[in-house]
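In what follows, a structure is listed as structure tokens, so that the remarks can point back to it.
By convention in this document, chain letters (A, B, ...) are assigned in the order of the sequence lines, proteins followed by strands, and residues within each chain are numbered from 1. Every heavy atom of this structure was used, including side-chain atoms; hydrogens, water molecules and symmetry mates were not.
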Number of protein chains: 2
Amino acid sequence: MAKKPNPIEKCDAEVIHKEIVNQVKAKMPKEEILYDLAELFKVFGDTTRIKILWALAESEMCVCDIAALLNMTQSAISHQLRILKQAKLVKNRRDGKIVYYSLDDDHVEQIFGQGLAHIYEDR
Amino acid sequence: MAKKPNPIEKCDAEVIHKEIVNQVKAKMPKEEILYDLAELFKVFGDTTRIKILWALAESEMCVCDIAALLNMTQSAISHQLRILKQAKLVKNRRDGKIVYYSLDDDHVEQIFGQGLAHIYEDR
DNA sequence: TGAACAATTGAACAGTTGTTCATATATTCT
DNA sequence: AGAATATATGAACAACTGTTCAATTGTTCA
């Protein structure tokens with residue numbers, strides 16, 4: 001997590017592989033893109049949020065419903081929904097006192113599918 | 001992070017939506033699957049690891065090369081490679097003193113693709 | 001064998017994260 | 001207006017994470 005500039009250590013192999021390393025470097029996406037990508041996956045990297053997304057893939061639900069479904073407090077769910085909304089993965093609409101949340105992205109289910117494929121591959 | 005059983009708060013809407021909630025509950029994958037899925041995405045949720053995977057998608061590389069490429073210490077890279085290997089995302093082979101790492105999964109690039117699609121969608 | 005190189009490992013530390021608790025906001029109903 | 005319901009929010013705390021540093025392992029070469 002600590003983001004500090006680090007000294008590189010000298011390494012003989014580095015000299016030998018210099019050309020390949022430079023080629024790879026040239027093909028790497030911009031720092032900003034890779035950062036955003038990591039931020040997105042960070043959102044997926046929590047069991048509670050995964051469960052929420054999976055539930056919303058099935059049906060629109062209110063905060064209170066999700067809390068009951070996952071057996072967690074409304075507050076905890078609300079905090080996580082805020083993170084999901086910031087990541088533009090869910091959207092919401094208000095109907096009276098109740099706020100309904102739903103998926104706001106077509107890629108979520110495909111990303112989950114690929115993730116599952118990886119998990120199931122190992123056996 | 002603290003994983004404790006939490007009390008549910010009472011909620012009138014929950015009663016109204018009970019049927020839907022139960023249906024969604026019935027369709028949810030097993031706890032274990034969702035946990036593994038979150039664990040996998042957690043691995044993707046770090047800039048350093050994303051960069052390593054992206055680099056290895058381009059070419060096999062040794063620890064020292066990756067360290068030079070990302071301007072980080074060999075130790076830091078080695079720690080991250082261990083995590084990637086545990087997640088079965090990379091594999092390695094030793095040639096003398098040098099250990100070469102490469103991708104060990106077909107889904108990585110597709111998952112990244114979907115992730116990028118989501119990021120680029122927002123504008 | 002010993003020196004040098006490449007990589008790994010464990011402990012420690014700062015920074016981050018998710019839940020809880022208390023409180024605030026928003027809406028409805030009487 | 002006040003009471004009740006539904007959600008949101010901020011502070012605080014424990015648990016977790018990524019990097020650094022120091023030490024270790026494994027390999028090659030003189």
Side-chain angles (χ1 to χ4, degrees), chain A residues 1-17 35 38-39 41-52 61-68 70-87 90-101, chain B residues 1-17 35 38-39 41-52 61-68 70-87 90-101:
Chain A
M1 293 279 156
K3 295 278 175 56
K4 286 194 295 180
N6 303 318
I8 33 176
E9 300 161 8
K10 84 186 177 84
C11 174
D12 285 1
E14 186 200 331
V15 179
I16 304 166
H17 303 142
Y35 178 81
E39 288 301 303
F41 288 127
K42 215 172 277 181
V43 176
F44 290 128
D46 175 75
T47 314
T48 302
R49 289 191 294 266
I50 287 273
K51 287 177 185 172
I52 292 174
M61 293 177 94
C62 69
V63 181
C64 151
D65 287 340
I66 301 171
L70 304 186
N71 196 38
M72 293 177 67
T73 63
Q74 283 188 359
S75 178
I77 299 300
S78 187
H79 278 298
Q80 297 300 0
L81 284 169
R82 187 167 51 83
I83 293 170
L84 291 170
K85 204 185 172 193
Q86 278 171 3
V90 305
K91 61 180 183 235
N92 57 8
R93 69 178 177 86
R94 178 178 276 275
D95 181 15
K97 289 177 290 188
I98 302 175
V99 178
Y100 290 95
Y101 280 83
Chain B
M1 292 281 156
K3 296 277 176 57
K4 286 192 298 178
N6 304 318
I8 33 173
E9 300 161 8
K10 84 187 178 86
C11 174
D12 285 3
E14 188 200 330
V15 180
I16 303 167
H17 303 142
Y35 177 82
E39 286 302 302
F41 288 127
K42 218 171 276 182
V43 176
F44 290 129
D46 176 75
T47 315
T48 301
R49 289 192 293 265
I50 287 274
K51 286 177 184 171
I52 292 174
M61 294 177 93
C62 69
V63 180
C64 151
D65 287 340
I66 301 171
L70 305 186
N71 196 38
M72 294 176 66
T73 64
Q74 283 187 1
S75 178
I77 300 300
S78 187
H79 278 298
Q80 299 299 0
L81 284 169
R82 189 167 48 84
I83 293 170
L84 290 170
K85 204 185 172 195
Q86 276 171 189
V90 305
K91 60 181 182 234
N92 58 6
R93 68 178 179 87
R94 178 179 276 275
D95 180 16
K97 288 179 290 188
I98 303 176
V99 177
Y100 290 94
Y101 281 84

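Minimum atom distance to the side chain of A/Cys62 is reached by D/dT7, of the listed D/dA11, D/dT19, D/dT7. You'll find that the side chain of A/Met72 is closest to C/dT19, out of C/dT27, C/dT19, D/dC21. Set against D/dC21, C/dT27, C/dA6, the side chain of B/Lys97 has C/dA6 as its closest nucleotide. Closest to the B/Ile98 side chain, of the nucleotides D/dC21, D/dG18, C/dA6, is C/dA6. For A/Ser75, the side-chain atoms get nearest to C/dA22 when compared with the rest of C/dA22, C/dG18, C/dA6. Residue B/Gln74 places its side chain closer to C/dT8 than to any other of C/dT8, C/dC21, C/dG18.
Separation of atoms CD (B/Gln80) and CD1 (B/Ile50) is listed at 11.5 Å; rounding is to 0.5 Å. The line from CD1 of B/Ile83 to CG of B/Asp46 is 7.5 Å long, rounded to the nearest 0.5 Å. Note: B/Asn92 CG to B/Met61 CE = 15.0 Å, rounded to the nearest 0.5 Å. Rounded to the nearest 0.5 angstrom, A/His17 NE2 and A/Asp12 CG are separated by 11.0 Å.
Contact annotation: A/Thr48 reaches the phosphate of C/dT19 (side-chain N/O to OP1 or OP2, under 4.0 Å). OP1 or OP2 of D/dT7 has not a single side-chain nitrogen or oxygen of A/Arg82 nearer than 4.0 Å. Residue A/Arg49 places at least one side-chain N or O closer than 4.0 Å to OP1 or OP2 of C/dG18. At the phosphate of D/dT17, neither OP1 nor OP2 sits under 4.0 Å from any side-chain N or O atom of B/Gln80. Remark: B/Tyr101 is in phosphate contact with C/dT8, judged by side-chain N or O atoms under 4.0 Å from OP1 or OP2.
In a base pair of the Watson-Crick type (N1 to N3 plus N6-O4 or O6-N4) or a G-U wobble (N1-O2 and O6-N3), with each distance short of 3.5 Å, D/dC13 is matched with C/dG18.
Rounded to whole Å, the distance from CG on A/Asp12 to C1' on C/dA4 is 9 Å. Put simply, CG on A/Asp95 is 18 Å from P on C/dA26, counting in whole angstrom units. Going from atom CG of B/Asn92 over to atom P of D/dG26 covers 15 Å, rounded to whole Å. With rounding to whole Å, A/Arg93 atom CZ is found 15 Å from D/dT7 atom C1'. When rounded to the nearest whole Å, the span between CD1 of B/Ile66 and P of C/dT8 equals 9 Å. The OH atom of B/Tyr100 sits 11 Å away from the C1' atom of C/dA6 (whole-angstrom rounding). Separating the CE atom of B/Met61 from the C1' atom of C/dA7 is a distance of 16 Å, rounded to the nearest angstrom. Between the P atom of C/dA6 and the NE2 atom of A/His17 lies a distance of 10 Å, rounded to the nearest Å.
When all heavy atoms are compared, the tightest approach of B/Ala38 to A/Thr47 is CB-N, 3.7 Å.
With DNA chain C read from its 5' end, the first of the two nearest nucleotides for A/Gly96 and B/His79 is the one closest to B/His79.
No N or O donor and acceptor, one from the side chain of A/Ser78 and one from the base of D/dT9, sit under 3.5 Å apart. Side-chain to base pairing of A/Thr73 with C/dC21: no donor and acceptor N or O lie closer than 3.5 Å to each other.
In this pair, B/Phe41 and A/Phe41 present their aromatic rings parallel. The plane angle is below 30°, not in the 30 to 60° band.
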